[in-house]
Amino acid sequence: MLSMFHPDAYIASLTDIRPEYFIERGIKGLIIDLDNTLLSWKSGAIEPEISGLLQDYIAAGLKICVVSNAFNSRVSGIMSPLGIPGVGRARKPRRKPFLKALKILGTGKDETAVVGDQLFTDVLGGNRLGCYTVLVKPICKTEFVGTRFVRIAEKIVLRNLAKSRVIKAPVRRQ
Ligand SMILES: [Mg+2]
């Protein structure tokens, strides 16, 4: 049961993962969460460091699709200027938005990574599909009130995973 929440990698920031990391693992497509993974949930724009990294991923041949529970208008407003497609109102961990993203990417489940900051939406959704999953520490500490309760439950699961040595502490940013 706990294995469904087990990410394949746990990192402090997306900037800890260079394109080669995915390519070496046979990954061709990335399904990336928006809020608190690519930008702070209150912010309207992606920081240059992150948007530059996304361009590096694309230049390396990786395909990207954002899957977010946020409104379509927010997702496309942020991602369209970068030329990256997005699926909004996803209600993760439902399968449907992930399947839609796979169709957009044109990649198979076993060659796609799901990257996000939440265990119960991003990691669970990706694992249910059989994708490679990456848990990222949330960008912003102050969050939507509903998310705060989820974080308490997340902490308990993460602690259990750490105890069973399934995951290590997140990689420190240099
Ligand atoms: Mg998120």
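Because only heavy atoms are used, hydrogens play no part in the values below, and waters and symmetry mates are left out as well, while side chains stay in. Counting starts at 1 for both ligands and their atoms, in listed order. Nothing fancy with the numbering, it's 1 onward along the sequence.
In this structure, the side chains of I11 and V134 come closer than 4.5 Å at one or more pairs of heavy atoms.
Minimum-distance N/O/S atom of D33 relative to the Mg ion (ligand 1): OD2. D35 contributes atom O as its closest N/O/S atom to the Mg ion (ligand 1). Nearest N, O or S atom of D117 to the Mg ion (ligand 1): atom OD1.
Residue E47 places its CD atom among 12 or fewer non-hydrogen atoms of other residues, nucleotides or ligands, all under 6.0 Å distant.
Annotation: cation-pi geometry not satisfied between R94 and F98 (NZ/CZ under 6.0 angstrom from ring centroid, within 45° of ring axis).
With hydrogens and angles ignored, the 3.5 Å screen pairs no side-chain donor or acceptor of D122 with any backbone N or O of V115.
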